[in-house]
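All values derive from a computational prediction rather than experimental measurement.
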Amino acid sequence: MRQVSVIKTPSYDQTMVNEAVRRHFALHGMGKRLHPGMKVLIKPNLLMKRRPEEFTTTHPSVVEGAIIAVKEYGVTDITIGDSPGGLYTRGQLSAIYRASGMEGVAVRQGVKLNLDTGFGEVEAPEAKICPRFTIIDPAREADMIISVGKVKTHGMTGLSGGVKNLFGCIPGLMKPELHCQFPEKDRFGHMLVDLCQCLHPGFFLMDGVEAMEGDGPSGGTMRKVGFTFAAENPYALDLALCRLMDMEEDAVPTIVAAKERGLCGSYGEDMAIVGDMEEISPIQGYQKPAGASVDFSNHVPRIFRGLVRKLETIAAPKPVIRKKDCIGCGKCAESCPQKTIDIQSKKAHIDYKKCIKCFCCHEMCPVKAIDIKRNLILHR
């Protein structure tokens with residue numbers, strides 16, 4: 001039985017967060033899995049240079065709570081590490097760690113903050129489409145990876161949950177390369193599941209105190225949820241988050257891929273909700289990302305499916321730059337896997353003929369000047 005724990009966590013008060021995380025660890029029997037001498041990586045979702053109050057990155061109090069809990073089981077070799085979007089350099093990491101509050105956590109808890117930009121190739125024997133990955137050193141060298149993510153919507157993958165957070169174990173601009181290699185959502189979902197099966201993280205903790213809705217993972221709005229979530233199984237966790245957001249499971253490519261491979265069923269199948277809930281009630285009105293799938297060709301008679309798929313292509317959401325707000329920093333061009341964006345007269349321009357609609361540009365814009373727009377045809 002796959003277990004997902006849900007603990008009421010109404011604020012980021014450190015004492016309150018510490019108690020919530022301790023309960024999560026106890027409910028999942030982490031005392032049997034954590035022991036002195038282990039090397040543990042705490043892998044937050046940092047994405048970009050954002051302050052904690054901008055609800056884009058994992059809040060430092062949740063990361064600190066995880067470190068405190070791990071220490072209580074006698075583990076002393078603990079590293080905070082991530083590869084956010086953009087360049088994977090010491091300077092970039094330092095700036096993001098400082099802005100996100102991770103630097104302060106590392107100092108207070110006396111743990112390592114990864115500034116080593118080394119990486120190496122790892123075989124993925126359970127892979128379906130991606131047999132090997134290039135992985136950052138702290139993830140390759142850890143005895144256990146504890147993923148500490150942020151509950152958010154995501155323009156391409158529907159939600160940024162347990163599985164998607166592991167994409168930050170791919171170094172820097174190698175992430176856009178994978179977007180380019182697997183531009184279709186279904187194949188991208190399988191690639192992320194391949195990565196998850198390759199890394200086999202030990203535990204997943206999600207910060208849902210202040211979550212994100214709308215056009216996440218960086219351009220959405222804050223939604224007060226007031227809970228933290230945890231699981232050993234990332235697919236059960238993502239099913240629970242999908243349920244929380246009142247999102248169709250088939251709109252999340254990682255869930256679709258996991259189902260196809262027999263790694264999970266639908267919500268409620270072979271899974272239990274424990275802690276402060278026995279059942280997750282969907283949050284009514286939780287805003288979905290504009291980039292969510294418009295695919296409903298399988299719901300119409302076969303004779304019309306070809307026409308509907310053509311209309312879906314026309315109606316597919318796309319990134320649109322608000323020129324008045326663009327600062328011409330080039331972060332969007334840097335993150336674009338197809339190199340479809342260039343800077344002209346200090347403004348970004350997109351060549352839509354080559355755009356694969358991965359929304360990396362929207363994700364990495366530091367001033368939220370890129371919207372996801374959908375053609376009104378087939379809008380629902």
(Q) Rounded at 0.5 Å granularity, tell me how far CG in Asn45 sits from CG in Leu166. (A) 10.5 Å
**Q.** Interatomic spacing from CD1 in Ile7 to CZ in Arg23 - rounded to 0.5 Å
**A.** 3.5 Å
(Q) Test your reading of the model: is there a side-chain donor-acceptor pair from Lys175 to the backbone of Pro84, 3.5 Å cut-off? (A) yes
Q.
Can you confirm whether more than 12 heavy atoms, excluding those of Lys354, are under 6.0 Å from its NZ atom?
A. no
Q. Would you say Glu249's side chain and Cys242's backbone share a donor-acceptor pair under 3.5 angstrom?
A. no
Q: Report yes if the side chains of Leu239 and Ile255 come closer than 4.5 Å at any heavy-atom pair, otherwise no.
A: yes
**Q.** Carboxylate-amine/guanidinium proximity below 4.0 Å for Asp77 and Lys112
**A.** yes
Q. Would you say Lys71's side chain and Gln109's backbone share a donor-acceptor pair under 3.5 angstrom?
A. yes
(Q) By the definition ring-ring contact (aromatic ring centres under 6.0 Å, His included), identify the one residue from Phe167, Phe359, Phe182 that meets it with Phe188. (A) Phe167
Q. When clusters are formed by joining ILVMFWY residues with side-chain heavy atoms under 4.5 Å apart, either directly or through shared neighbours, do Tyr97 and Val148 land in the same one?
A. yes
**Q.** Test: Arg243 and Glu279 ion pair at under 4.0 Å
**A.** yes
(Q) Apply side chain to side chain contact (heavy atoms under 4.5 Å, CB included) to residues His349 and Lys323 and explain how you reach the verdict. (A) CA-CA 9 Å; His349 295 262; Lys323 296 299 173 64; 3.3 Å; yes
Q) So, Arg261 and Glu126, do they make that salt bridge, N to O below 4.0 Å? A) no
Q: State plainly whether one hydrophobic cluster holds both Ile327 and Ile343, where clusters connect Ile, Leu, Val, Met, Phe, Trp and Tyr through side-chain heavy atoms under 4.5 angstrom apart.
A: no
Q: Return yes if some donor-acceptor pair links the side-chain N/O of Asp116 with the main-chain N/O of Gly118 below 3.5 Å, else return no.
A: yes
Q: Flag yes if Phe204 and Val6 sit in one hydrophobic cluster, no otherwise; membership is Ile, Leu, Val, Met, Phe, Trp, Tyr, and two members link when side-chain heavy atoms are under 4.5 Å apart.
A: yes
Q. Going by heavy atoms in the side chains, are Leu159 and Thr153 under 4.5 Å from each other?
A. no
Q) Do the non-hydrogen side-chain atoms of Asp194 and Lys128 ever get within less than 4.5 Å of each other? A) yes
Q) What heavy-atom pair brings Gly149 and Thr58 nearest, and what distance separates the two atoms? A) C-OG1, 3.6 Å
**Q.** Single-linkage hydrophobic cluster, 4.5 Å side-chain cutoff, Val70 and Val63 together
**A.** yes
Q: Search all heavy atoms of Leu237 against all heavy atoms of Gly162 and return the closest pair with its distance.
A: CD2-CA, 4.2 Å
(Q) How long is the straight-line distance from CE of Met247 back to CG of Asp250, given to the nearest 0.5 Å? (A) 12.5 Å
Q: Let me see the working for Phe229 and Leu244 under side chain to side chain contact (heavy atoms under 4.5 Å, CB included), right down to the final yes or no.
A: CA-CA 11 Å; Phe229 305 81; Leu244 178 84; 3.8 Å; yes
Q: Check Leu46 against Ser100 and note the closest heavy-atom contact, atom names and distance.
A: CD2-OG, 3.8 Å
Q: Supply the atom-to-atom distance Cys180 SG to Ile356 CD1, rounded to the nearest 0.5 angstrom.
A: 5.5 Å
Q) Are Tyr235 and Ile146 connected, step by step, through hydrophobic side chains (Ile, Leu, Val, Met, Phe, Trp, Tyr) whose heavy atoms are closer than 4.5 Å? A) no
Q: Carefully, step by step, assess Lys185 and Met156 under the rule side chain to side chain contact (heavy atoms under 4.5 Å, CB included).
A: CA-CA 7 Å; Lys185 286 188 179 183; Met156 184 180 186; 4.3 Å; yes
Q. Are the side chain of Thr117 and the backbone N or O of Arg90 linked by a donor-acceptor pair below 3.5 Å?
A. no
**Q.** Lys331 side chain near Met48 side chain, heavy-atom distance below 4.5 Å
**A.** no
Q. Looking at Tyr73 and Pro36, what are the two nearest heavy atoms and their distance?
A. O-CD, 3.7 Å
(Q) Set out, in order, the CA-CA distance, both residues' side-chain angles and the distance that settles side chain to side chain contact (heavy atoms under 4.5 Å, CB included) for Ser83 and Ile170, then state yes or no. (A) CA-CA 7 Å; Ser83 171; Ile170 304 294; over 6 Å; no
Q: Of all the heavy-atom pairs spanning Gln284 and Arg223, show the shortest one and how long it is.
A: O-NH2, 4.0 Å
**Q.** Test item: Thr56 and Lys150 side chains (from C-beta on) under 4.5 Å apart, heavy atoms
**A.** no
Q) So how far is it from Glu363 CD to Leu47 CG, rounded to the nearest 0.5 Å? A) 5.0 Å
Q. Any donor and acceptor pair, going by atom type alone, linking the side chain of Asp207 with main-chain N or O of Val62 inside 3.5 Å?
A. no
Q) What pair of heavy atoms forms the shortest contact from Gly81 to Asn114, and how long is it? A) CA-CB, 4.0 Å
Q: Assess whether salt bridge (charged side-chain N to carboxylate O under 4.0 Å, His left out) is satisfied between Lys39 and Asp143, documenting all intermediate values.
A: CA-CA 5 Å; Lys39 182 179 291 189; Asp143 296 313; over 6 Å; no
Q) Does the His28 side chain pair with the main chain of Met30, one donor and one acceptor, at a distance under 3.5 Å? A) no
(Q) If you count every heavy atom of other residues, nucleotides or ligands that lies below 6.0 Å from Lys224 atom NZ, does the total exceed 12? (A) yes
Q) Would you call Pro366 and Cys329 a side-chain contact if the rule is heavy atoms closer than 4.5 Å? A) yes
**Q.** NZ (Lys346) with more than 12 external heavy atoms under 6.0 Å
**A.** no
Q.
Any side-chain to backbone donor/acceptor pair from Asp276 onto Lys8? Under 3.5 Å, distance only.
A. yes
Q: List the steps and the verdict of side chain to side chain donor-acceptor pair (under 3.5 Å) for Lys259 and Ser266.
A: CA-CA 8 Å; Lys259 285 182 178 180; Ser266 294; 3.2 Å; yes
Q. If you round to the nearest 0.5 Å, how far is CD1 of Ile280 from CD1 of Ile273?
A. 4.0 Å
Q: Without swapping roles, check the side chain of Glu213 against the backbone of Tyr286 for a donor-acceptor pair under 3.5 Å.
A: no
Q) Taking the side chain as C-beta and beyond, is there a heavy-atom pair between Met174 and Phe119 under 4.5 Å? A) yes
Q) Looking at side-chain heavy atoms only, is the closest gap between Leu34 and Phe25 below 4.5 Å? A) yes
Q.
Given 3.5 Å as the limit, does a donor-acceptor pair link the side chain of Ser345 with the main chain of Lys347, or not?
A. no
